[in-house]
Amino acid sequence: MPAEGGIQEKSGCRIKSGMTELLSLLAGVIKHNTATRRRPMEKHTERVSRKRQIKKEQIYKAALSVFGKYGYRKATLEDIASEFHMTQSGLYRYVQNKRDLYEKAVACGLIEWQRTSASSIENESDPLLQLQNYALTGANYLNENDDLRNVLMNDPSVFPLNTKEDHFAPINRESMSILRDILKRGIEEKRFRNIDLDYATSFLYSVYVMFIIKSYVKPDIGSSEDMLSNSLDILLHGIVNKEK
């Protein structure tokens, strides 16, 4: 009798073990099928999201062009809708109002300006040349981009003196972060003196903004390229004659 009970007990264990394996296998099949069904839905959602993002960027670029031509006050949503070949009511699917569209359009332009400037230093290893390329490419971008340049000329508040009034603070902080990384690398590689990074970043960025304002927002100089080249020369080499 004990032996027979032992056999039944072992048989029961084998059945339980088999059931556990079967349930585990079944759960795996269900999980696989669910994931397989979900994948096309996720891809569809990603495609829709990507198309919407592309359209938003296209609308912002069209809006920047209109704001650049007429300024914020004179430009209308009807003008912008017409530029993009859509109805005015269709714009409200992407923005809340004219002010919202303006800020998003300008932000889109500033980000593109920032990306272009940053791309100029990707393949350059010398921090000094990175600094020069970063500044010169940014200036050249404004020379060639009529829409953003006109917006800056019509709206000096894009670069406010009071940082609390800066509607594009996150973008400007990112630009300063890029500049700070260049300076940090230059200090580490002994190309620049061991200066206070935060003060130096703030100072150089302020000088650059002043150059933009003087050149494009309130132009009262001749060639902006000459001014920037001379400004960089003074900043990088100083005004003291070290040979004496």
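For residues 132-148, the set of pairs meeting the salt bridge (charged side-chain N to carboxylate O under 4.0 Å, His left out) definition, not counting sequence neighbours, comprises D146-R149. Listed by first then second residue, pairs satisfying salt bridge (charged side-chain N to carboxylate O under 4.0 Å, His left out) with a partner in residues 114-128 read D126-R191, not counting sequence neighbours. Sorted by first and then second residue, the pairs that involve residues 177-187 and meet side chain to side chain donor-acceptor pair (under 3.5 Å), not counting sequence neighbours, are R180-D198, R185-E189. Identified under the salt bridge (charged side-chain N to carboxylate O under 4.0 Å, His left out) test for residues 67-96, with sequence neighbours left out: none.
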Next on the checklist: Could you go through Y94 and K104, starting from their C-alpha distance and side-chain angles, then the distance that decides it, and tell me whether this counts as side-chain contact (heavy atoms from CB on, under 4.5 Å)?
Outcome noted: CA-CA 10 Å; Y94 300 92; K104 287 178 177 176; over 6 Å; no
Checklist entry - Can you list the steps and then say if V95 with I59 is a side-chain contact (heavy atoms from CB on, under 4.5 Å)? => result CA-CA 10 Å; V95 295; I59 290 173; 5.8 Å; no
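Note: the hydrophobic cluster containing L129 does not contain F192 (ILVMFWY, side chain heavy atoms under 4.5 Å, direct or indirect links). Both Y92 and L101 belong to a single network of hydrophobic side chains, linked directly or stepwise wherever heavy atoms of I, L, V, M, F, W or Y lie under 4.5 Å apart. Linking Ile, Leu, Val, Met, Phe, Trp and Tyr residues whenever their side-chain heavy atoms come within less than 4.5 Å places L152 and V207 in a single cluster.
We find the SG-CH2 distance between C108 and W113 to be 14.5 Å, quoted to the nearest 0.5 Å. Atom CD1 of I182 sits about 8.5 Å away from atom CG of N133, to the nearest 0.5 Å. Note that the CD1 atom of I187 and the CG atom of D196 stand 8.5 Å from one another [nearest 0.5 Å]. Note that CZ of R173 is 8.0 Å distant from CG of D166, once rounded to the nearest 0.5 Å. Atom OG of residue S65 and atom CG of residue L148 lie 12.0 Å apart, to the nearest 0.5 angstrom. Here the CD1-CD distance, from I178 to Q114, works out to 4.5 Å after rounding to the nearest 0.5 Å.
Judged purely by atom type and a 3.5 angstrom limit, Y208 uses its side chain to pair as donor or acceptor with the backbone of A135. A distance-only check finds no donor-acceptor pair linking the side chain of N145 to the backbone of Y141 [under 3.5 Å]. The closest donor-acceptor contact from the side chain of D155 to the backbone of V151 lies at 3.5 Å or more, if one exists at all.
Annotation: cation-pi geometry not satisfied between K98 and F67 (NZ/CZ under 6.0 angstrom from ring centroid, within 45° of ring axis).
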Which side-chain N or O atoms in residues 199-206 pair as donor and acceptor under 3.5 Å with protein atoms at least two apart or in another chain?
from: T201; atom 1: OG1; to: L197; atom 2: O; distance (Å): 2.7
from: Y205; atom 1: OH; to: N172; atom 2: OD1; distance (Å): 3.0
from: S206; atom 1: OG; to: S202; atom 2: O; distance (Å): 2.8

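When all heavy atoms are compared, the tightest approach of L64 to A105 is CD1-O, 3.8 Å. Contact record, T137 with S117: CG2-CA, 4.0 Å, taken as the closest heavy-atom pair. Scanning all heavy atoms of the two residues, the minimum distance from A75 to V66 falls at CB-CG1, 3.8 Å. The two atoms that bring G68 and N150 nearest to each other are O-CB, 3.2 Å, heavy atoms only.
R99 has a carboxylate O that lies under 4.0 Å from a charged side-chain N of E103, or vice versa, which qualifies the two as a salt bridge.
A search for side chain to side chain donor-acceptor pair (under 3.5 Å) contacts involving Q130 returns nothing, not counting sequence neighbours.
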